[in-house]
2 protein chains.
Amino acid sequence: MADAPATPPVMEQIVALAKRKGFIYPASDIYGGIRGFWDYGPLGVLLKNNIRDHWWNWMVECPPIGPDGEIVDMVGLDSAIIQHPKTWEASGHVAGFNDPMVDDKETKERFRADHLQAIFFLEPSPEMEIGKSYPVSADAPAADSIPHATVIASGPGEAASEIIANKAVRKLLGIKNVLSNMMVGASLGAPDYVTLWVESSRGNRYVYIRNIGQQFLAHGYEKTPSPYTAKAGALTEPRAFNLMLDTYPGPIRDESNKAYLRPETAQGIFLNFKNIVDTTRVKVPFGVAQIGKSFRNEVTPRNFIFRSREFEQMEMEFFCPPDDALKWYEFWKGERMKWWLSLGVEPSRLRFRDHDADELSHYSKATVDIEYRYPFTDPDYGELEGIAHRGSFDLTQHQEHSKQKLDYFDQELQLKLKEQGATPEEIKQRSRYIPNVIEPASGLTRAVLVLLCEAFTLDASRPSGVYLKFKPKFAPVKLGIFPLVAKDGMPEKARALYMELRTQFACEFDVKQSIGKRYARMDEIGTPFCVTIDGDTMSSDIVTIRDRDTQEQIKINISQVGEYVRERLK
Amino acid sequence: MADAPATPPVMEQIVALAKRKGFIYPASDIYGGIRGFWDYGPLGVLLKNNIRDHWWNWMVECPPIGPDGEIVDMVGLDSAIIQHPKTWEASGHVAGFNDPMVDDKETKERFRADHLQAIFFLEPSPEMEIGKSYPVSADAPAADSIPHATVIASGPGEAASEIIANKAVRKLLGIKNVLSNMMVGASLGAPDYVTLWVESSRGNRYVYIRNIGQQFLAHGYEKTPSPYTAKAGALTEPRAFNLMLDTYPGPIRDESNKAYLRPETAQGIFLNFKNIVDTTRVKVPFGVAQIGKSFRNEVTPRNFIFRSREFEQMEMEFFCPPDDALKWYEFWKGERMKWWLSLGVEPSRLRFRDHDADELSHYSKATVDIEYRYPFTDPDYGELEGIAHRGSFDLTQHQEHSKQKLDYFDQELQLKLKEQGATPEEIKQRSRYIPNVIEPASGLTRAVLVLLCEAFTLDASRPSGVYLKFKPKFAPVKLGIFPLVAKDGMPEKARALYMELRTQFACEFDVKQSIGKRYARMDEIGTPFCVTIDGDTMSSDIVTIRDRDTQEQIKINISQVGEYVRERLK
């Protein structure tokens, strides 16, 4: 068995680099932070804006050619974060946007019942080998169906690594070190079925972790030991916890003025469906795209910016005739995967996952997730974007609650039906309908996380030890502009180049420190190109361009630098 | 005296156009709206993004050359809307961000005491002429110091037009029509001193309106008649109403988890001062720029998007050595005015207004507003951007409340002092300091309002009756691309041009309706250029370009269209 690795897990390194280089800081850091909130620093905001602009370009400025060969009709929107509270009654969020929550009566800790994990110690068993999988009865409710296992404790959390990182759990189990991990169980797709090989106060043991949230919800709370104290009978009954943050706009604070911070941008689009149809030239099928902040009062925010309480979304609602909905669903599924690949994400770390029938919202006819292999889910995948066929659910709900007609009269369909010889009755019936909706919904802040994970590249041969291999188009800074030394006219010449090029793409002009240190710093923040102004430049306008990935240096004329970089940003 | 004008006031026309053409909709329109919240529609979001990008470009991408000839050091930031509640204790917002609020006990109406207006009828007096100004004692507390005046009622509101638009006030005064308005009073700068010439049930009369909010606060509430019923003794004592919206993040809803939606983005910058100094290459003096949503629970949101409860800000905090603060204050004052002019705003509608000593926040050493002559303040001006010299107030407060050192060691100043022969004691004392802050703070949504007001141009000679004269760079759509007729290969040729040019700037491709109607529509949304593909194009690649402002049409080769437009967007 191997020793515990000397370096921290990749995810911790990414979080540390993100703070150290000014990508992402914990919000209110000087006040000890505020859980679930993050600030995007000088480089983080540039990275985020680059992704934002790329999505907006694909969706609104240059929408794709649709399956019928026509340019897809698309407009943008920026609706308010706070909307009329009836919005969320109609959408189902007031009644249904809940997580089941459990308290430890003694410690007052609160956690999600459906994230409850059972933790077992397994005696080292000669027939088990690291790296191999063993069948474990998937519905085993307790220890007795697992050989050599003892229920020690339960813990809140989604991934095994989180459970084991939990201080209360470590203390309960006497775990000193995680030596290695291996997968056990028939369902490798579920991250809950994980066995770790640990050094504990009882000697080296396997720890087997599985999600018992569903069983817990079904069988009650009395028998389950508290994840914080291991005491039975310490947990409260699970109760519904609404994930919407509320507030009271207006001068009078009463229930009639209670409003919510939107948990998704989508509803702002549905509310404006009628206004957009009435005031612009769009005709069904068309899409409305929106980027903006949303808020969810996650019980346990986790995994850096993956699950935070304030986050930024990129959502598009595509309104189409009911008969064409499946065609558009397939179309957007393909388009969205193309978009993620266009960010430079390694294809093997992306996958589609169709929702099972029991996962689907009651109104959804089909939903697929685009998933990414995050360092904290590896070897499994985690949610990145959902593409949902929402039927006519949303507009129907808002029509009922607002008493405003939200149906659509389809003139083209009417003509088509006439040509096809349909009866007047049929034409009347079919050419007025509530559009169906296909919704590709992704997180802008989650996209930032993915690009940071993708870019993070350890390289012991470099002074920086690590570099960020962003696709040049998304790098916060495209070009570092450096005079070799701070004299002999070089700073002035470099500054003139900076003044010229900064109007075209993001440049950084830096005079101080050795050129090696400046390159190392550019590696760490993912700047794809550096140009150095040296003696050759002063005598013959020749500059050195250094490539971040290959570390190769070539010489070109100073007048060609702009084009050199522009070519590589396409 | 003239009759009441047949058309509604300009502001109402702008609001109507903004909705009709998809710039700005009332939020939650289908649910009857939610007061103080607005949605930016397909064109509004493009206009807003254009202004946003222009500000970001001036501030972060291409910051100006400072007064010392050096490029100003500037970075961007995007901090969370929800921060640790101690933030707002330190900033003074929990204790001091209040408006004095008064209720009418009978009608339950609530309004700001400091906006209370006294309304007098003046008998028509032969010596008064419309268009002339008359001295009125500025501190007149009641009717007796004004000749021929009778106190009739008081009303809540900021501008005379609002008071008179108030239904309760109109009913109380029996006002049928506002026939004309004239300024009376020594201080033309204060919009409260306004006289209107009205047709009322008592015949034509002057109505004189002045703000008595301060007297009201000083002399008590019992004597003042209610602005809704004219009854004395109907108003409650004014009490402090905090303008921050609050919410409860986290699983437990108690006072310790109470947090606020930020009322300004600025504090997020102060919280990150230390992180930014520690993790980036900036050195004092430097600025941090941020764009984002803020929330203020205005008692009476008003004037379209001018004063709303959710709005978007563009704020920059410039950290500098205390000794240089006034120099930087003057610098940013000039830069910010240049920026507003760069939007194409008519210079005569912009002005500086220095805050009087009694207006200044207790910590501010100087503050100037850039004001704009809005249609609803005309002939007066209203707030647009504030440029404040905040001293070291903010960092000092956060240092005290967070117990984190927020001072700065200025290496360059240390060197300079050494060269100047300062004593070691003096060098030590002066080279470590808490930076002073110059803050240019403006509203992105307010900038949208200004550009809509600026662009709105009535022109009876056009089919549209009105056009939006945006500076081309800020127009939501830059180029309309139209086939003259929907046949003979013209749509295909126009579409090919659209596909080529949409990657460079915002284009709209439209096939339907007569060319005149399409031009009229482009006028109404402010598209500066239209290109028409006609028979000449099919035979010899010649297209017609139409200019929105001059309505002139010229013919150029289709291959030159892109450059033609690009040249005019610079």
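Proteins get letters first, then strands, A, B, ... in listed order; numbering begins at 1 in each.
Neither the backbone nor the side chain of B:Ala506 comes within contact range of chain A; no heavy atom of the residue lies under 4.5 Å from a heavy atom of that chain. Residue A:Glu310 touches chain B through its side chain alone, counting heavy-atom pairs closer than 4.5 Å. Of the atoms belonging to B:Asp103, not a single heavy atom falls under 4.5 Å from chain A. Proximity to chain A is limited to the side chain of B:Leu46, based on heavy atoms less than 4.5 angstrom apart. In this structure, no portion of B:Asp99 lies under 4.5 Å from any heavy atom of chain A. The part of B:Thr280 that comes within reach of chain A is its side chain, from C-beta onward, which places non-hydrogen atoms under 4.5 angstrom from that chain. Residue B:Met74 does not touch chain A at all, counting heavy-atom pairs closer than 4.5 Å. Using a 4.5 Å cut-off between heavy atoms, B:Lys21 touches chain A through its backbone atoms (N, CA, C, O) alone. Contact of B:Phe273 with chain A is not made at all, since no heavy-atom distance falls under 4.5 Å. For A:Tyr498, the part lying near chain B is the side chain, with the backbone staying farther off; criterion is any non-hydrogen pair under 4.5 Å. Heavy-atom distances place no part of B:Pro476 under 4.5 Å from chain A, backbone and side chain included. Heavy-atom distances place no part of B:Ile525 under 4.5 Å from chain A, backbone and side chain included. Residue B:Leu261 touches chain A through its side chain alone, counting heavy-atom pairs closer than 4.5 Å.
Counting heavy-atom pairs closer than 4.5 Å to chain B, the top-ranked of the candidates A:Gly32, A:Cys62, A:Gly44, A:Ala90 is A:Cys62. Per-residue heavy-atom pair counts under 4.5 Å with chain A were compared for B:Pro301, B:Pro85, B:Pro42, and the maximum is reached by B:Pro42. With chain A as partner, the option from B:Lys403, B:Glu61, B:Gln83 having the largest number of non-hydrogen pairs under 4.5 angstrom is B:Gln83. Per-residue heavy-atom pair counts under 4.5 Å with chain B were compared for A:Gly36, A:Gly250, A:Gly33, and the maximum is reached by A:Gly250. Between chain B and the options A:Trp56, A:Tyr25, A:Phe241, heavy-atom pairs under 4.5 Å are most frequent for A:Tyr25. Your options are A:Ile24, A:Asp53, A:Asp246, A:Asn49, and the one with the most heavy-atom pairs under 4.5 Å with chain B is A:Asp246. Most heavy-atom pairs under 4.5 Å with chain A, from the set B:Gly268, B:Pro251, B:Cys507, B:Ala289: that is B:Pro251. Of the listed residues (A:Leu43, A:Ile252, A:Asn57), the greatest number of heavy-atom pairs within a distance under 4.5 Å of chain B belongs to A:Ile252. Contacts with chain A were tallied for B:Asp510, B:Val282, B:Leu243; B:Asp510 has the most, counting heavy-atom pairs under 4.5 Å. Contacts with chain B were tallied for A:Gln513, A:Lys108, A:Lys274; A:Gln513 has the most, counting heavy-atom pairs under 4.5 Å. Chosen from B:Glu298, B:His401, B:Met101, B:Arg35, the residue pairing most often with chain A at heavy-atom distances under 4.5 Å is B:His401.
We find the CZ-CZ distance between B:Arg281 and A:Arg521 to be 4.5 Å, quoted to the nearest 0.5 Å.
Residues B:Lys512 and A:Glu412 come closest through the heavy atom pair NZ-OE2, 4.1 Å. In terms of heavy-atom proximity, A:Arg20 sits nearest to B:Thr279 at O-CB, 3.2 Å. A pairwise comparison of heavy atoms in B:Tyr248 and A:Leu245 identifies O-CD2, 3.4 Å as the closest pair. Between A:Leu77 and B:Gly41, the closest heavy-atom pair is CD1-CA, 3.8 Å. Minimum heavy-atom separation, B:Lys19 to A:Asn275: CE-OD1, 3.6 Å. Smallest separation of non-hydrogen atoms from A:Lys293 and B:Ala80: NZ-CA, 4.2 Å.
Contact check for A:Leu406 versus B:Ile30: side-chain heavy atoms found under the 4.5 Å cut-off. Between A:Thr247 and B:Phe295 there is no side-chain heavy-atom pair separated by less than 4.5 Å. When side chains are defined from C-beta on, A:Val45 does not count as touching B:Gln290, because their heavy atoms never get closer than 4.5 Å.
Side chain of A:Arg495 to main chain of B:Glu70: no donor-acceptor pair is present (N/O by atom type, distance under 3.5 Å, no hydrogens or angles). A donor-acceptor pair under 3.5 Å is absent between the side-chain atoms of B:Asn297 and the main chain of A:Pro249, judged by distance alone.
Residues forming a side-chain contact (heavy atoms from CB on, under 4.5 Å) with A:Glu400 (at least two apart in sequence, or on another chain): A:Thr396, A:Gln397. Residues satisfying the side-chain contact (heavy atoms from CB on, under 4.5 Å) criterion with B:Thr445, sequence neighbours excluded, are B:Tyr40, B:Lys48, B:Phe311, B:Glu312.
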Derivation and outcome, side chain to side chain contact (heavy atoms under 4.5 Å, CB included), residues A:Ile71 and B:Arg502: CA-CA 12 Å; A:Ile71 303 158; B:Arg502 71 175 193 168; 3.7 Å; yes
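A salt bridge between B:Asp78 and A:Arg52 is absent, with no side-chain N of the basic residue lying under 4.0 Å from a carboxylate O of the acidic one.
A donor and an acceptor atom, one from each side chain of A:Tyr31 and B:His398, are located under 3.5 Å apart. Judged purely by distance below 3.5 Å, without hydrogens or angles, the side chains of B:Asp29 and A:Gln404 never pair a donor atom with an acceptor atom.
The residue from A:Ile82, A:Leu271, A:Asn272 that alone fulfils the side chain to side chain contact (heavy atoms under 4.5 Å, CB included) condition with B:Ser28 is A:Leu271.
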